[in-house]
Amino acid sequence: MTFALGIVLFALGILIAVSLHEMGHFWSARWFGMKATRFFIGFGPTIFAFKRNGVEYGVKALPFGAFVKIVGMTPAEEDIDPETGKSGADDPKAMWRFPVWKRTIVMAAGSVTHFALALIVLWILFAFVGIPDGSKINDVPVRVGSVAQCVSPKYEVDPATHSQKTCDKDKDPKSPAAQLGLQPGDVIVAINGKQIQGNQALRDELKADAGKNVAVQYKRGDQTLSGNADIPVAERPKPDVTKTPDQITKDDLEQGGMLGITVGYKTTDLPILRYGPVDGAGQTFTATATLVERTFESLKGIPERVPNLFKAILGEKRDPNTPVSVVGASRIGGELFEAGDWATLLSLFATLNLFFGIFNLFPLLPMDGGHIAIAWFERVRSFIAARRGRPDPGRVDYYKLAPITLGVIGVLGVFVLLTVTADFVNPITLK
């Protein structure tokens with residue numbers, strides 16, 4: 001029940017964000033005196049609507065977004081005002097009649113709204129909700145993240161991937177974790193009776209027990225289990241090494257024992273760090289800069305990840321780095337809500353808003369950035385014509401751009417279809 005409620009609330013949050021995006025266009029257009037005639041949440045059949053001050057407001061049946069109608073945004077036939085019979089070309093309050101800088105603000109206002117939402121959510125997170133204190137990682141129980149079936153005693157780098165070579169099940173020893181039957185989510189309690197608290201304590205104990213058979217005690221849910229395993233002697237990077245795998249040399253290695261796990265933890269395991277309203281603002285801008293950088297990196301990586309979506313749809317294990325749709329994001333939001341992981345939940349919502357805001361500014365129709373690009377193209381073209389003593393070329397013919405627009409819509413439609421399908425048949429899950 002909590003999971004389902006979380007999905008609904010997260011999806012509702014996205015709908016509100018998209019509606020505020022359109023409200024940004026609406027408010028800024030009205031502020032400048034442009035004529036806006038409609039503002040609706042949803043698409044399809046109208047559930048209810050009302051008129052106030054010449055604007056029709058309403059809610060439609062399909063909650064997949066929102067839209068606003070501003071007269072004269074494009075020279076298309078639908079810009080005709082049914083009340084006055086004037087088209088966008090004739091109405092004195094038509095958007096195209098206003099200076100290009102005002103039109104730019106109106107078209108960018110949707111993305112600015114997303115950016116403002118992201119900043120507000122992140123500030124609330126840092127100032128009041130708080131984030132898991134990563135500096136206390138050695139003060140929390142060691143939770144198993146993943147289990148390797150074997151371990152490689154010799155630290156080697158794969159030149160093709162520039163990462164540590166994976167072990168060979170036929171040649172390398174079976175990992176102690178596999179010997180014990182450890183599973184992701186198990187918590188290491190003690191080794192040879194010595195209580196283990198934190199990753200560094202586990203590392204120190206494994207170094208001392210390398211080459212020995214040890215008793216390992218661990219918890220799985222409410223059960224306390226134990227078993228024995230042989231800890232192999234292996235080379236591994238020293239704790240203070242911050243180099244990439246292919247930069248590590250013999251001097252950066254030490255001998256120690258390996259358990260054959262990655263250490264994972266729930267963010268709810270860590271103590272919460274709150275910065276307060278003032279310091280929280282500084283943390284907000286730092287985090288935003290990082291998220292913007294990651295957003296551009298993820299956008300660049302989308303094309304190479306599309307094949308993994310096909311594989312996921314066909315039944316292969318879903319790569320957690322594949323793109324997700326609103327459906328997948330809402331599902332993840334539901335899991336975070338169920339787990340009470342408010343920090344990650346709010347971070348995810350802020351990240352989505354930054355993504356929506358940046359993506360909408362791409363200079364391609366039908367995105368807002370496409371309309372901005374055309375407005376400035378018209379302005380530059382008119383300026384050049386005036387300097388050369390030639391007549392104003394006028395507005396760009398949107399009908400001639402229809403093939404490009406339809407192409408962009410087609411690509412986006414296929415991408416959305418792929419992500420939604422993958423999110424239904426093979427969803428990314430945090431469990």
Side-chain angles (χ1 to χ4, degrees), residues 9-76 78-82 88 91 93-96 98 101-121 325-327 329-330 349-375 398 405 408-409 412-413 416:
L9 290 177
F10 196 85
L12 179 62
I14 294 174
L15 177 61
I16 291 172
V18 173
S19 299
L20 288 174
H21 171 113
E22 295 300 323
M23 190 60 77
H25 295 314
F26 179 78
W27 282 334
S28 56
R30 299 264 290 181
W31 176 268
F32 286 129
M34 299 174 191
K35 188 168 186 176
T37 58
R38 304 182 81 196
F39 180 86
F40 273 78
I41 296 175
F43 299 97
T46 300
I47 297 177
F48 74 87
F50 64 92
K51 275 196 171 184
R52 181 175 294 171
N53 298 326
V55 181
E56 184 182 18
Y57 301 89
V59 174
K60 290 182 176 287
L62 304 176
F64 300 146
F67 68 91
V68 62
K69 176 67 182 298
I70 303 172
V71 173
M73 190 173 80
T74 68
E78 60 264 28
D79 278 334
I80 294 175
D81 188 337
D91 197 306
K93 292 184 177 180
M95 182 176 177
W96 74 272
F98 287 75
W101 68 269
K102 289 186 177 181
R103 285 182 279 156
T104 300
I105 290 174
V106 171
M107 295 311 302
S111 287
V112 170
T113 303
H114 282 302
F115 298 147
L117 270 174
L119 288 170
I120 291 169
V121 168
S325 66
V326 172
V327 173
S330 298
F349 186 71
T351 301
L352 284 174
N353 274 282
L354 285 174
F355 178 87
F356 293 154
I358 291 170
F359 186 74
N360 263 289
L361 290 178
F362 275 31
L364 292 170
L365 291 175
M367 273 84 80
D368 297 334
H371 292 284
I372 294 172
I374 289 174
Y398 273 66
T405 305
V408 173
I409 292 173
L412 292 177
V416 169

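All of these numbers come straight from a predicted model, not from anything done at the bench. Values reported hereafter were calculated over all heavy atoms of this structure, with side chains retained and with hydrogens, waters and symmetry mates removed.
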For A350 and A118, the nearest pair of non-hydrogen atoms, with its separation, is O-CB, 3.6 Å
Closest approach of G72 and A94, non-hydrogen atoms and distance?
-> CA-CB, 4.0 Å
Are any non-hydrogen side-chain atoms of L117 and F356 less than 4.5 angstrom apart?
-> no
Taking all atoms of both residues into account, what is the closest heavy-atom pair of I105 and S28, and its distance?
-> O-OG, 4.4 Å
Please round to the nearest 0.5 Å and tell me the distance separating atom CZ of R103 and atom CZ of F32.
-> 12.0 Å
Locate the shortest heavy-atom distance separating N360 from M367; write the atom from each residue and the value.
-> O-CB, 3.6 Å
Are the side chains of V106 and M73 in touch, meaning some heavy atoms are under 4.5 Å apart?
-> no
Atom pair CG (D368) and CE (M107), whose distance is rounded to the nearest 0.5 Å | 4.0 Å
State, to 0.1 Å, how close V18 and G65 come at their nearest heavy-atom pair, and which atoms those are.
-> CG1-CA, 3.8 Å
Start with the C-alpha distance between F67 and R38, add both sets of side-chain angles, then the distance that settles side-chain contact (heavy atoms from CB on, under 4.5 Å), and finish with yes or no.
-> CA-CA 8 Å; F67 68 91; R38 304 182 81 196; 4.2 Å; yes
Atom OG1 of T37 and atom NZ of K51: how far apart are they, to the nearest 0.5 Å?
-> 8.5 Å
Would you indicate whether the side-chain heavy atoms of M34 and F98 approach each other to under 4.5 Å?
-> yes
Given F39 and W27, is the ring pair (Phe, Tyr, Trp, His ring centres under 6.0 Å) satisfied, shown in steps?
-> CA-CA 11 Å; F39 180 86; W27 282 334; 8.4 Å; no
Look only at the side chain of H114 and the backbone of L354, and say whether a donor-acceptor pair between them is shorter than 3.5 Å.
-> no
Any side-chain heavy-atom pair of L352 and F10 under 4.5 Å | yes
Specify the closest pair of heavy atoms between I14 and F349, including all atoms of both residues, with the distance to one decimal.
-> N-CE1, 3.9 Å
Tell me, do E56 and T46 make a side-chain contact under 4.5 Å, heavy atoms counted?
-> no
Do R30 and N53 come close enough that some side-chain heavy atom pair is under 4.5 Å?
-> yes
If we only count heavy atoms from C-beta on, is the I41 to Y57 side-chain gap below 4.5 Å?
-> no
Just by modelled atom types, is the G44 backbone N or O under 3.5 Å from a matching donor or acceptor in the K60 side chain?
-> yes
How are the rings of F362 and F359 set relative to one another: parallel (under 30°), tilted (30 to 60°) or perpendicular (over 60°)?
-> tilted
Under the side-chain contact (heavy atoms from CB on, under 4.5 Å) rule, what do F115 and I358 come out as? Steps first, then yes or no, please.
-> CA-CA 9 Å; F115 298 147; I358 291 170; 3.9 Å; yes
Relative to the ring of H371, is the ring of Y398 parallel (under 30°), tilted (30 to 60°) or perpendicular (over 60°)?
-> parallel
How about P366 and V408: do any of their side-chain heavy atoms sit closer than 4.5 Å?
-> yes
